[in-house]
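First comes the structure, then the notes that go with it.
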Amino acid sequence: MATYSSIDEANAAVAQKIVDAQPRLVDVVPAKTVIPALEGRLILHAGPPIAFEDMPDPVQGAAIGAALFEGWAQDEASARRVCAEEVQFAPNNDFRAVGAMGGILTGSIPVFVVENATEGNRAYTSMHEGEGKVLRFGVYDQSVGDHLVWMRDVLGAGLSEALKLLPDGGLAVNPILAQAVTMGDDFHVRIMAASSLMFRELAPKLVRVGMPQNHIESVLEFLAGNVNFFLTLGMAAGKATLDAAATVNAGSVVTCMTRNGREFAIRVSGLGDRWFTGPEEELDTLYFPGFTDADACPDCGDSAIVEAYGFGGLVAVAAPAVQQLVGTGEGGFAEALATSEEQAEIVVTDNPNMPIPNWDFKGVPVGIDVRKVVSTGIAPLITTAVMHKEAGIGMVGIGKVRASMPCFTSALEALAEARGVTPTA
């Protein structure tokens, strides 16, 4: 194991791991084939550890839906009892996985398999289900189960075969990230360009895998109509990248940011898998017509891995269209630029492989440093979808939220205790 003379030296090594990472989508398979623990009655969820009874209603609904999908119960009442009494729950991040919103993952749910070719490590996430009546919003009627079966047996199987036809046996994610960030994506709220680029790469291969005509039609229609399909792939790419960076085992760089609807949590490169938690901050939301703050569920999901990866709120300058939705005042380019300039104050460096043209070709921010967060008082800014507090209603708006500052303060204190000194920025 390498040793470092200072936190700055360690952070430079962590940041270099992020810059050097080469995540690739290599397969789509049922989760239990790559996460053996899911052979049993284990449900993975977003955020730090939380008991079933403490989960927000939509997350409980997603767990109930997963129990029904797995055949552990035949109706809502028995599924709720199974979840409360028989199922074990654990964070996705403890199993090299991430998930959007509630992030519920069980063995039969199909997952993207993303491999970091630089380090050889892998990460997993469920595929984006589309909008409306979907599991991640806590819907668990028959249509949701039928859709998950189709995603596993038709979409997932087709993508698995299509990936084998690509030149390197997988889809390189970084070229899509680098191109889409120049096309207005932030990869958390706006993922349209990346989803389109992904479709462009995969569609010609999908028509060659030998699926029945009705299957290929349904797959292509779904992918063409799902402008957010790339979201979870980007999350898994971030997870594979940051897991590799965490192997430095030193420094003060954030390697995970997540929330479970009750707590915000981070992990830090020099502190292993230890969770640092704090209360969630209030969402600043632009609501769809008919919804208000009274309808919103507290922020949920592992998708803040996108910001830990350097995207989302950190690249507001690249996605001024998002700023018009989540900005204050006029929400124009000046505000987007100011947001990214602010966020640049709390990172180690930038990624020269992913330049942002309208930021004078400065690279995507890399390596949120807990020391800089605490010393500047600038918390990472997260852009996010907002879902209804009741299971089954779904998305009610788009917003932004600051990461919980107590997480960073307690992590800095732990670093000081571990080193016997007080780290400074």
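Residue numbers count from 1 along this sequence.
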Using 0.5 Å steps for rounding, measure from the CZ atom of R402 to the CD1 atom of I378. 7.5 Å
Given D302, which partner from the list T125, N260, N92, T232 fulfils the side-chain hydrogen bond (donor to acceptor under 3.5 Å, both in side chains) test? N92
Quick note, side-chain hydrogen bond (donor to acceptor under 3.5 Å, both in side chains) partners involving residues 181-190, not counting sequence neighbours, are D185-R190, D186-T383, H188-S303, H188-E307
Closest non-hydrogen contact found for S195 with V227 is OG-O, 2.8 Å
Given 3.5 Å as the limit, does a donor-acceptor pair link the side chain of N116 with the main chain of T118, or not? yes
Applying side-chain contact (heavy atoms from CB on, under 4.5 Å), run through L206 and V219 and close with a yes or a no. CA-CA 9 Å; L206 282 164; V219 166; 3.9 Å; yes
Quick one: are P91 and P48 in side-chain contact, heavy atoms under 4.5 Å? no
State the CG-CG distance between L283 and D293, to the nearest 0.5 angstrom. 8.5 Å
Measure the CG-CE distance between N226 and M198 for me, rounded to the nearest 0.5 Å. 10.0 Å
Using a 4.5 Å cut-off on heavy atoms from C-beta on, say whether the side chain of C256 contacts that of L242. no
Consider only side-chain N and O atoms of E263 and W275, and report whether a donor and an acceptor are under 3.5 Å apart. no
Can S410 and R274 be said to form a side-chain hydrogen bond (donor to acceptor under 3.5 Å, both in side chains), step by step? CA-CA 11 Å; S410 58; R274 181 174 171 184; over 6 Å; no
Min side-chain heavy-atom separation F137-I393 under 4.5 Å: no
Nearest 0.5 Å, what's the CD1-SG distance between I104 and C83? 8.0 Å
Donor-acceptor contact below 3.5 Å, side chain D295 vs main chain T292: yes
Return the minimal non-hydrogen interatomic distance between M235 and A100, and the atom names on each side. CE-N, 3.6 Å
Side chains of E70 and T106: do they bring a donor and an acceptor to under 3.5 Å? yes
How close do A411 and V370 get, heavy atom to heavy atom, and via which atoms? CB-CG1, 4.5 Å
Is there a side-chain contact between V386 and M395 (heavy atoms, below 4.5 Å)? no
Criterion side-chain contact (heavy atoms from CB on, under 4.5 Å) on V111 and L105, from CA distance to verdict: CA-CA 9 Å; V111 293; L105 187 61; 3.6 Å; yes
What class does the angle between the rings of H147 and W150 fall in, given that below 30° is parallel, 30 to 60° is tilted and above 60° is perpendicular? parallel
Do side-chain atoms of N249 reach the backbone of G270 as a donor and acceptor pair under 3.5 angstrom? no
side-chain hydrogen bond (donor to acceptor under 3.5 Å, both in side chains) assessment of S252 paired with N11: CA-CA 6 Å; S252 56; N11 284 351; 3.0 Å; yes
Strictly below 4.0 Å, N to O, side chains only: are D94 and K239 in salt-bridge contact? no
With sequence neighbours left out, what residues match Q22 under side-chain hydrogen bond (donor to acceptor under 3.5 Å, both in side chains)? none
To the closest 0.5 Å, what do you measure between OG (S340) and CD (E335)? 11.0 Å
If you measure from the Lys or Arg side-chain nitrogens to the Asp or Glu carboxylate oxygens, is any gap between E115 and R122 under 4.0 Å? yes
Inspect the contact between D369 and R371 and indicate whether a charged nitrogen and a carboxylate oxygen are less than 4.0 angstrom apart. yes
So, does R152 use its side chain to make a donor-acceptor pair with the main chain of P110 at under 3.5 Å? no
Looking at L220 and A203, what are the two nearest heavy atoms and their distance? CD2-CB, 4.0 Å
Any side-chain heavy atom of S269 within less than 4.5 Å of one from V248? no
N/O donor-acceptor pair under 3.5 Å between K362 side chain and D350 backbone: no
Could you walk me through whether F112 and F229 pass the ring-ring contact (aromatic ring centres under 6.0 Å, His included) check? CA-CA 11 Å; F112 287 136; F229 189 69; 5.6 Å; yes
Ignoring hydrogens and angles, write down the donor-acceptor pairs under 3.5 Å from the side chains of residues 30-46, residues two or more places apart or on other chains.
residue : atom : partner : partner atom : Å
T33     : OG1  : P30     : O            : 2.7
R41     : NH1  : E86     : OE1          : 2.4

Main-chain N/O of I18 paired with T241 side-chain donor or acceptor, under 3.5 Å: no
Minimum side-chain heavy-atom gap K17-E119 below 4.5 Å: yes
Kindly compute the distance separating NZ (K205) from CG (L165), expressed to the nearest 0.5 Å. 7.0 Å
Hey, mind stepping through S218 and V154 against side-chain contact (heavy atoms from CB on, under 4.5 Å) and telling me if it holds? CA-CA 9 Å; S218 65; V154 179; 4.2 Å; yes
For D273, is there any backbone N or O sitting under 3.5 Å from a side-chain donor or acceptor partner on R267? yes
Run the salt-bridge test on E131 and R136 with the 4.0 Å N-O cut-off and return the result as yes or no. yes
Please give me the minimum heavy-atom distance between V181 and V364, naming the atom from each residue. CG2-CG2, 4.4 Å
Are there over 12 heavy-atom neighbours, none belonging to E217, within less than 6.0 Å of that residue's CD? yes
Please tell me if the side chains of P352 and F361 come closer than 4.5 Å, counting only heavy atoms from C-beta onward. no
Within the distance-only criterion (no hydrogens, no angle test), does the side chain of T285 pair as donor or acceptor with the backbone N or O of G397 below 3.5 angstrom? no
Would you call R262 and E280 a salt bridge, using N to O less than 4.0 angstrom? no
Quiz question: by atom type and distance under 3.5 Å, do the side chains of R259 and T384 form a donor-acceptor pair? yes
Has N358 got a side-chain atom pairing as donor or acceptor with V317's backbone, closer than 3.5 angstrom? yes
Locate the shortest heavy-atom distance separating G363 from W359; write the atom from each residue and the value. O-CZ3, 3.9 Å
Testing L177, I191, V173, I176 one by one against L233 for a side chain to side chain contact (heavy atoms under 4.5 Å, CB included), which residue passes? V173
Compute the ring centroids of F89 and F52, then answer whether they are less than 6.0 Å apart. yes
Between V348 and V14, is any pair of side-chain heavy atoms under 4.5 Å apart? no
Can you list the steps and then say if L381 with T339 is a side-chain contact (heavy atoms from CB on, under 4.5 Å)? CA-CA 8 Å; L381 181 68; T339 297; 3.5 Å; yes
Does any N or O in the side chain of E129 come within less than 3.5 Å of the main-chain N or O of L135, such that one atom is a donor and the other an acceptor? yes
Pair F264 + F408: ring centers closer than 6.0 Å: no
Does the distance from a Lys or Arg side-chain N to an Asp or Glu carboxylate O, for K133 and D141, drop under 4.0 Å? yes
